[in-house]
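Only one structure is covered here, and it is reproduced in the block below.
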Amino acid sequence: MPLSEVQGQAKAVDALQKSLASGHVHHAWLFTGPEGVGKELTAVGLAQALTCPEKPSVGCGECSSCQRVLRRNHPDVTWVLTEDEQVARGIVGRAEFDHTPSRDIKVEQVRALGERLSFRALESSFKVALIIDAHAMNPQAQNALLKTLEEPPKGTVLLLTTSMPDKLLPTIRSRCAKASFWSPARALPGREGDRQA
Ligand SMILES: [Zn+2]
C-alpha cells in the first residue's frame, strides 16, 4: 500500500513524504504508537517508496517491486521478526524449530541483518530493513544494532516499529528520527465491536 493510502496517520505520513521529497531520508526511523494503528503498514509504504522504479520516492504499490516488498521477497528489503511472530504469520513452520520459537529478536538476527546491509543493493538505490516490534530485541541484539546505527552502510534505511519505545536503549532512540502514530478516535467503536464478537 503506498504511503498516500495509509489512513488516519496524516502527521506521520506527512513527515515521511516530506523527507522522501527532500531526497535526504534519515537513515533510521522509529515508528512508535499502540498496536494495530498502521506502523508496519506505513513502514511497508516507505520501503516501497524507497525502492519503487515506477514512482521513485512515492511508491506505486502495484509494480512488481512494490508487490515484492509487500510479500517480503524483495532482495533489498529485509524483515526482522521474532521466531514466534514468523510462526504466527505462517512464514516458518513450527516444526522447523527444535526449540520453542523465541519471543526475542536475537543477536544473531541483528548480526545477519548487519551483514546483509553491508552488501550493495541489488535492484534499487536503497537497502531497507524493517525491524518489527523492535522492543523484542534483547539487550545483546540492541547493542549489536547500535553498531549499524552508528555506522550505517551507504544507502541503508532502518525502520523500527514499536509499541514500547521505553524498552529500547536511549542510544538507539536518539539515533532514530521519530514518527508517532495514534489511535484514530473513530477506530474506537470498531474495537468495542471486535471485543464483543
Ligand atoms: Zn511500485
Side-chain angles (χ1 to χ4, degrees), residues 12 16 19 25-47 50-51 68-122 124 126-181:
L16 296 171
S19 173
V25 178
H26 198 272
H27 76 276
W29 285 85
L30 183 61
F31 292 179
T32 62
E35 299 280 346
V37 295
K39 298 185 299 294
E40 183 172 337
L41 207 62
T42 305
V44 169
L46 182 54
L50 289 166
T51 51
R68 283 178 293 140
V69 171
L70 187 64
R71 294 197 305 264
R72 294 187 300 268
N73 57 8
H74 192 293
D76 298 327
V77 180
T78 305
W79 294 69
V80 181
L81 299 157
T82 65
E83 292 170 351
D84 188 55
E85 191 61 23
Q86 291 174 43
V87 171
R89 294 185 185 202
I91 301 167
V92 185
R94 171 69 184 84
E96 289 184 45
F97 295 104
D98 59 3
H99 53 272
T100 306
S102 176
R103 288 171 180 269
D104 286 354
I105 293 175
K106 300 174 176 177
V107 67
E108 300 84 44
Q109 290 177 274
V110 175
R111 286 199 189 118
L113 171 68
E115 196 170 325
R116 198 164 163 167
L117 293 174
S118 70
F119 296 113
R120 288 173 60 152
L122 292 170
S124 38
F126 288 99
K127 293 163 290 180
V128 187
L130 277 71
I131 305 180
I132 305 301
D133 292 336
H135 52 263
M137 283 187 288
N138 60 32
Q140 284 169 297
Q142 293 198 32
N143 276 311
L145 184 71
L146 260 183
K147 203 161 167 272
T148 305
L149 284 173
E150 282 163 3
E151 293 170 30
K154 198 168 176 288
T156 298
V157 179
L158 292 125
L159 308 177
L160 286 66
T161 72
T162 183
S163 56
M164 292 181 248
D166 291 350
K167 289 196 173 182
L168 292 169
L169 293 172
T171 37
I172 288 185
R173 295 200 302 263
S174 69
R175 288 183 189 277
C176 296
K178 320 273 188 313
S180 304
F181 290 70

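A pairwise comparison of heavy atoms in P34 and F181 identifies CD-O, 3.5 Å as the closest pair. When all heavy atoms of L159 and A43 are compared, the closest pair comes out as CD1-O, 3.5 Å. Nearest heavy atom pair, residue F31 against residue L16, reads CZ-CD1, 3.6 Å. Taking every heavy atom of both residues into account, K39 and T162 meet most closely at CE-O, 3.5 Å. Considering all non-hydrogen atoms of both residues, H74 and R116 come closest at O-NH2, 4.3 Å. The shortest heavy-atom contact between A12 and S180 is CB-O, 3.8 Å.
Here Q86 contributes atom CD and E96 contributes atom CD; the two are 9.5 Å apart, rounded to the nearest 0.5 Å. In this structure, the separation between NE2 on H26 and CG on L158 is 10.5 Å, given to the nearest 0.5 Å. A distance of 7.0 Å separates CG of L145 from CG of L113, quoted to the nearest 0.5 Å. Atom NZ of K106 sits about 12.5 Å away from atom CZ of R111, to the nearest 0.5 Å. We find the CD-CD1 distance between E85 and I132 to be 8.5 Å, quoted to the nearest 0.5 Å. The structure places CD of E35 at 10.0 Å from CD of E40, a figure rounded to the nearest 0.5 Å.
Between D76 and S124, the side chains place a donor N or O and an acceptor N or O closer than 3.5 Å (distance only, hydrogens not considered).
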Evaluate the criterion side-chain contact (heavy atoms from CB on, under 4.5 Å) for residue pair W79 and V44; output intermediate values, then yes/no. CA-CA 10 Å; W79 294 69; V44 169; 3.5 Å; yes
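At distances below 3.5 Å, at least one donor-acceptor pair connects side-chain atoms of E83 with backbone N or O atoms of S102. Using a distance-only test at 3.5 Å, with no hydrogens or angles considered, a donor-acceptor pair links the side chain of K127 to the main chain of F119. Between the side chain of R173 and the backbone N or O of P165, at least one donor-acceptor pair lies under 3.5 Å. Of the possible polar contacts, one joining the K178 side chain to the C176 backbone as a donor-acceptor pair under 3.5 Å is found. Checked by atom type and distance alone, the side chain of T82 never pairs as donor or acceptor with a backbone atom of I105 at under 3.5 Å. When atom types are taken as modelled, the side chain of H135 and the backbone of L168 share no donor-acceptor pair closer than 3.5 angstrom. Judged by distance alone, the side chain of Q142 and the main-chain N or O of L169 form a donor-acceptor pair under 3.5 Å.
Other residues, nucleotides and ligands contribute at most 12 non-hydrogen atoms within 6.0 Å of the CZ atom of R103. Heavy-atom neighbours of E108 CD from other residues, nucleotides or ligands within 6.0 Å: above the threshold of 12. Summarising the local packing, CZ of R71 is surrounded by more than 12 heavy atoms from other residues, nucleotides or ligands at distances under 6.0 Å.
For L41, the side-chain contact (heavy atoms from CB on, under 4.5 Å) criterion is met by M1, not counting sequence neighbours. The salt bridge (charged side-chain N to carboxylate O under 4.0 Å, His left out) test applied to E150 returns R175, not counting sequence neighbours.
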